[in-house]
Amino acid sequence: MYQPAIETMPLDQLRTLQNARLRNVLHRMYEQIPFYRKVFDNLGLHPHDIRGVADLPKLPFTRKDDLRENYPYGLFAAPAEQIARIHASSGTTGKPTVVGYTQNDLHVFDEVVARSLVAAGARPGMKLHNAYGYGLFTGGLGMHGGATRLGMAVIPVSGGMTDRQLTILQDFGPEVICCTPSYAQTLADELHQRGIDPADLPVQYAILGAEPWTDTIRQQVEKGLQVTATNIYGLSEIIGPGVSQEAWDEQGTGSYVWEDHFFPEVVDKTTGQPLPYGEEGVLVFTTLTREGSPLLRYWTNDICSLQYDPHGGRTHIKMSDIRGRADDMLIIRGVNLFYTQVEEIINQVDYLTPNYRLIVRRAGTMDTVEVQVEVQAGANPDSQDLTDRLRKKIKNTIGLSMDITLMRPGSIPRSQGGKLGRVVDERNIS
Ligand code: ADP
């Protein structure tokens, strides 16, 4: 563990710490950000009415649109001369949102990423192949700072240029790699195609995040790169990567949320009411220590559940894997659908690979989904039996009939370095 005293802090102490930090940050918001002052004033409340995290449901959510309406610096809580860095979201869903970091925020960023790296299996003295994009996106610089803090050697490759990535993996001998899961698939594929045996590479751990992924991809990447792969989650609005991290020796049980800095809630998508642990809803974060751009009950739009794990090596709460963003949820003939649900099923059918995409179309008033999925090398892409098995499994599990198209290996677009769109929505194209 990077900070055992914090990572294993008894829950009552953690709550006391969170409550004190929350009171502090709320005062900062009220004093420094007119937007938040108005939020409190409109409710007839003052920060001193909020005693701790249990009172958070009395306060409204902050949404992406609030950040956009205050673009670029309207929600900053520190004077310009105290801002040490500015980042922006990737803009996957529209105009980017801008966030500012003070020196102390950067210190916290390094700390939570260092914690995440250790949880993922990294140790001081190891080399990190950092294939997250450097730039406005928080992935590259975020992982870089945390790895440096931990005492690793960072290889700042950034995303893309797959040939160069493979050379570095072979010649520089990194023990740890971080990138998006879809790009890890690309790297695994390319190694295989070039006949490079991953067992000959020193890389042992892969830290994958920035987009939803399931065990299906984990298995492909672990086999294809000969690594232990774990999930890292984050978003620029809260800090960047390192908001939560799955432990390498607790795979499949969720990711620890570093809740001494980021207080999580899961709420009902429609009513906004807090949901009990274990129930799936929208993930909401309140930053407890951010100085540059603190956020109150930020509506991430990401769907997951929260649960404490009595068997975990750490005390912080775990979040389940993100199924998708609420606005990425497809509603097909009345059935809610995340692409990760199809991904999970692909894994249960032999001879298929997790290289797939969904094409959504409208025929008259009916929405249809075509699943395009690559077969394994040597398998028959014209197999009716394989097509039928996948169609039946999807129908029985999700309750939707989908068109299945088996594709030859290598025919579906790959990640070129960043996030990969797995859904092509042709409904609004006339
Ligand atoms: P953008 O919203 O423009 O993509 P970011 O680059 O900050 O901006 O990305 C944050 C978003 O990426 C999260 O809100 C979430 O939707 C997604 N994300 C990040 N990490 C993961 C992960 N491990 N699993 C699933 N989704 C993730």
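What you see is a predicted model, and the numbers here were worked out from it, not measured in a lab. When reading the values below, keep in mind they use all heavy atoms of this one structure, side chains included, and skip hydrogens, waters and symmetry mates.
- A distance-only check finds a donor-acceptor pair linking the side chain of Ser158 to the backbone of Tyr134 [under 3.5 Å].
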Query - Audit row: Thr180, Ser415, side chain to side chain contact (heavy atoms under 4.5 Å, CB included) steps and yes/no - result: CA-CA 9 Å; Thr180 60; Ser415 162; 4.0 Å; yes
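- Of all non-hydrogen atoms in Leu275 and Glu280, the two that sit nearest each other are CD1-O, 3.4 Å.
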Report task. Under the side chain to side chain contact (heavy atoms under 4.5 Å, CB included) rule, what do Lys395 and Ser401 come out as? Steps first, then yes or no, please. Result -> CA-CA 5 Å; Lys395 171 82 184 148; Ser401 297; 3.4 Å; yes
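- Between Ala120 and Gln245, the closest heavy-atom pair is CB-NE2, 3.5 Å.
- The main-chain N or O of Ile238 is found under 3.5 Å from a side-chain atom of Arg290 such that the two form a donor-acceptor pair.
- Checked by atom type and distance alone, the side chain of Lys58 never pairs as donor or acceptor with a backbone atom of Ile50 at under 3.5 Å.
- Distance check: Arg63 CZ to Arg297 CZ gives 10.0 Å after rounding to the nearest 0.5 Å.
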Query raised in the report: Taking it one step at a time, do Arg85 and Leu141 satisfy side chain to side chain contact (heavy atoms under 4.5 Å, CB included)?
Result: CA-CA 11 Å; Arg85 198 194 291 168; Leu141 282 169; 3.5 Å; yes
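- Dense packing is recorded around CZ of Phe35, with more than 12 heavy atoms of other residues, nucleotides or ligands lying under 6.0 Å away.
- Contact annotation: the side chain of Pro212 approaches that of Tyr339 to within less than 4.5 Å [non-hydrogen atoms, C-beta and beyond].
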Report task. Check the pair Leu56, Leu22 against side chain to side chain contact (heavy atoms under 4.5 Å, CB included), reporting the backbone distance first and the verdict last. Result -> CA-CA 9 Å; Leu56 277 172; Leu22 177 67; 4.0 Å; yes
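- Side-chain atoms of Thr216 and Glu343 form no donor-acceptor pair, as typed in the model, at a separation below 3.5 Å.
- For CD of Gln13, the number of neighbouring non-hydrogen atoms (other residues, nucleotides, ligands) closer than 6.0 Å is greater than 12.
- Contact annotation: the side chain of Arg194 approaches that of Asp163 to within less than 4.5 Å [non-hydrogen atoms, C-beta and beyond].
- You'll find the side chain of Thr228 reaches within 4.5 Å of the side chain of Glu222, heavy atoms only.
- Residue His144 holds its NE2 atom at 9.5 Å from CG of Asp110, rounded to the nearest 0.5 Å.
- For Thr162 against Leu187, the heavy-atom pair with the smallest separation is CG2-CD2, 3.9 Å.
- Residues Lys393 and Thr397 come closest through the heavy atom pair O-OG1, 2.6 Å.
- By the 4.5 Å heavy-atom criterion applied to side chains, Val221 and Pro181 are not counted as neighbours.
- Separation of atoms CD (Glu374) and CZ (Arg408) is listed at 11.0 Å; rounding is to 0.5 Å.
- In this structure, the side chain of Tyr256 engages the main chain of Arg314 through a donor-acceptor pair within 3.5 Å.
- The neighbour count for Arg123 CZ, taken as heavy atoms of other residues, nucleotides or ligands under 6.0 Å away, is above 12.
- Using a distance-only test at 3.5 Å, with no hydrogens or angles considered, no donor-acceptor pair links the side chain of Gln103 to the main chain of Ala84.
- Between Val284 and the choices Leu295, Val267, Thr300, Val266, the side-chain contact (heavy atoms from CB on, under 4.5 Å) rule is met once, by Val267.
- Atom CZ of Arg325 sits about 12.5 Å away from atom CG of Leu283, to the nearest 0.5 Å.
- Checked by atom type and distance alone, the side chain of Ser293 pairs as donor or acceptor with a backbone atom of Gly100 at under 3.5 Å.
- In plain terms, the two heavy atoms of Gln165 and Gly160 that are nearest each other are NE2-O, 2.8 Å.
- A donor-acceptor pair under 3.5 Å is formed between the side chain of Thr62 and the backbone N or O of Leu296.
- Under 4.0 Å is where a charged nitrogen must lie from a carboxylate oxygen, and between Asp12 and Arg15 no such pair does.
- How far CD1 of Ile398 is from CG of Leu337: 5.5 Å, rounded to the nearest 0.5 Å.
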**Report entry** Full working for salt bridge (Lys or Arg N to Asp or Glu O under 4.0 Å) between Asp403 and Arg361
**Finding:** CA-CA 11 Å; Asp403 303 321; Arg361 300 189 181 91; 5.7 Å; no
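- A distance-only check finds a donor-acceptor pair linking the side chain of Asn130 to the backbone of Gly140 [under 3.5 Å].
- Separating the NE2 atom in His261 from the CD atom in Gln18 is a distance of 11.0 Å, to the nearest 0.5 Å.
- When only modelled atom types and interatomic distance are considered, Glu7 and Tyr2 share no side-chain donor-acceptor pair under 3.5 Å.
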Query raised in the report: Given Thr405 and Glu370, is the side chain to side chain donor-acceptor pair (under 3.5 Å) satisfied, shown in steps?
Result: CA-CA 7 Å; Thr405 309; Glu370 176 190 354; 2.6 Å; yes
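- Pro264 places none of its side-chain heavy atoms less than 4.5 Å from the side chain of Val243.
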Requested in this report: Could you give me the CA-CA distance, side-chain angles and deciding distance for Asp65 and Arg68, then say whether salt bridge (Lys or Arg N to Asp or Glu O under 4.0 Å) is met?
Outcome: CA-CA 5 Å; Asp65 278 348; Arg68 289 187 176 135; 3.7 Å; yes
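- At least one donor-acceptor pair under 3.5 Å links the side chain of Arg28 to the backbone N or O of Glu291.
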Query - salt bridge (Lys or Arg N to Asp or Glu O under 4.0 Å) between Arg414 and Glu190, worked out - result: CA-CA 11 Å; Arg414 301 290 199 267; Glu190 291 289 330; over 6 Å; no
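- Under the 4.5 Å side-chain criterion, counting only non-hydrogen atoms from C-beta, Gln219 is in contact with Asn347.
- Separation of the His87 and Tyr101 ring centroids falls under the 6.0 Å cut-off.
- Using a 4.5 Å heavy-atom threshold, the side chains of Leu386 and Asn380 count as separate.
- Here the closest non-hydrogen pair linking Ala122 and Val176 is CB-CG2, 3.9 Å.
- Distance alone, capped at 3.5 Å, is enough to place a donor-acceptor pair between the Glu211 side chain and the Leu420 backbone.
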Report task. Using the salt bridge (Lys or Arg N to Asp or Glu O under 4.0 Å) rule, take Asp328 and Arg422 through it: C-alpha gap first, then chi angles, then the decisive distance, then the call. Result -> CA-CA 11 Å; Asp328 284 345; Arg422 304 250 186 211; over 6 Å; no
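- Applying the ring pair (Phe, Tyr, Trp, His ring centres under 6.0 Å) definition to pairs two or more places apart or across chains, those involving residues 296-319 are Phe61-Trp299, Trp258-His316, Tyr277-Tyr308.
- Contact annotation: the side chain of Asn355 approaches that of Gln220 to within less than 4.5 Å [non-hydrogen atoms, C-beta and beyond].
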